[in-house]
Amino acid sequence: MCHQTVGLLAGEIEKRGIATTSVSTLREVTEKVRPPRALFVDVPLGYPLGRPHDVELQTRILRAAFALLSRPGPPPVLDDFRPAGTA
């Protein structure tokens, strides 16, 4: 799905009182749209959760994205996914 569309929808959903978070692979687009919360993942476009069938990596990415829900604002809260073993 389009990064811009997801970011704009997330903002509208937040205005209605529902917290949102998203996973992004295009930092420049996400920074311009300014969704409430987004996790940047350095993976090929079209694979926001990483390699197919890599359940461990996919779980870590989703947990990191959900963790943004508890981060203090104000929006946007934009963070980078850090694979295990990196600082």
Side-chain angles (χ1 to χ4, degrees):
M1 183 174 278
C2 171
H3 285 70
Q4 185 171 345
T5 301
V6 169
L8 295 171
L9 283 172
E12 291 301 313
I13 292 168
E14 289 263 346
K15 288 178 186 175
R16 287 155 178 80
I18 300 171
T20 64
T21 186
S22 60
V23 177
S24 173
T25 58
L26 293 175
R27 176 183 293 277
E28 59 279 359
V29 174
T30 302
E31 286 177 342
K32 287 180 183 176
V33 174
R34 298 175 50 90
R37 286 165 216 83
L39 180 70
F40 296 111
V41 182
D42 187 18
V43 295
L45 187 61
Y47 296 91
L49 297 181
R51 296 174 301 278
H53 312 294
D54 188 343
V55 175
E56 179 189 348
L57 176 62
Q58 294 164 358
T59 300
R60 287 190 291 120
I61 291 170
L62 287 172
R63 286 186 176 157
F66 288 135
L68 295 178
L69 293 170
S70 64
R71 291 269 303 273
V77 175
L78 308 174
D79 201 2
D80 293 295
F81 175 72
R82 291 169 186 80
T86 62

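The first residue of the sequence shown is numbered 1, and numbering continues consecutively from there.
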Common cluster, [X]/[Y], ILVMFWY with side-chain heavy-atom separation under 4.5 Å:
X	Y	result
Leu8	Ile13	no
Val41	Leu45	no
Leu68	Leu57	yes
Leu39	Val77	yes

Considering all heavy atoms of both residues, which atom of [X] and which atom of [Y] are nearest to each other, and what is their separation?
X	Y	value
Ala65	Val23	CB-CG2, 3.9 Å
Thr30	Ala38	CG2-CB, 3.7 Å
Arg34	Pro76	NH2-CD, 3.0 Å
Gly11	Pro36	N-CD, 3.8 Å
Val6	Ser22	CG1-CB, 4.0 Å
Leu69	Ala19	CD2-CB, 3.8 Å

**OP:** Verify, without hydrogens or angle tests, whether Ser70 (side chain) and Ala67 (backbone) share a donor-acceptor contact under 3.5 angstrom.
**Re:**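 Side chain of Ser70 to backbone of Ala67: a pair is present.
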
What's the spacing between [X] [atom1] and [Y] [atom2] if we round to 0.5 Å?
X	Y	atom1	atom2	result
Arg51	Glu56	CZ	CD	9.5 Å
Thr21	Leu62	OG1	CG	9.5 Å
Phe40	Asp79	CZ	CG	9.0 Å

Original post:
Does any donor atom in the side chain of His3 or Thr25 lie under 3.5 Å from an acceptor atom in the other side chain?
Top reply: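 A pair is found: one side chain offers a donor N or O, the other an acceptor, under 3.5 Å apart.
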
Subject >> Neighbour count >12 (heavy atoms, 6.0 Å) for atom CD, Glu28 >> reply: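 Atom CD in Glu28 is packed in, count exceeds 12.
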
**OP:** Evaluate the criterion side-chain contact (heavy atoms from CB on, under 4.5 Å) for residue pair Tyr47 and Gln58; output intermediate values, then yes/no.
**Re:** CA-CA 10 Å; Tyr47 296 91; Gln58 294 164 358; over 6 Å; no

Original post:
Which side chain to side chain donor-acceptor pair (under 3.5 Å) pairs, counting each pair once, include a residue from residues 6-16, with sequence neighbours left out?
Top reply: Glu12-Lys15, Glu12-Arg16, Glu14-Thr20, Glu14-Arg37

**OP:** Apply side-chain contact (heavy atoms from CB on, under 4.5 Å) to Phe81 and Asp42, showing your working.
**Re:** CA-CA 8 Å; Phe81 175 72; Asp42 187 18; over 6 Å; no

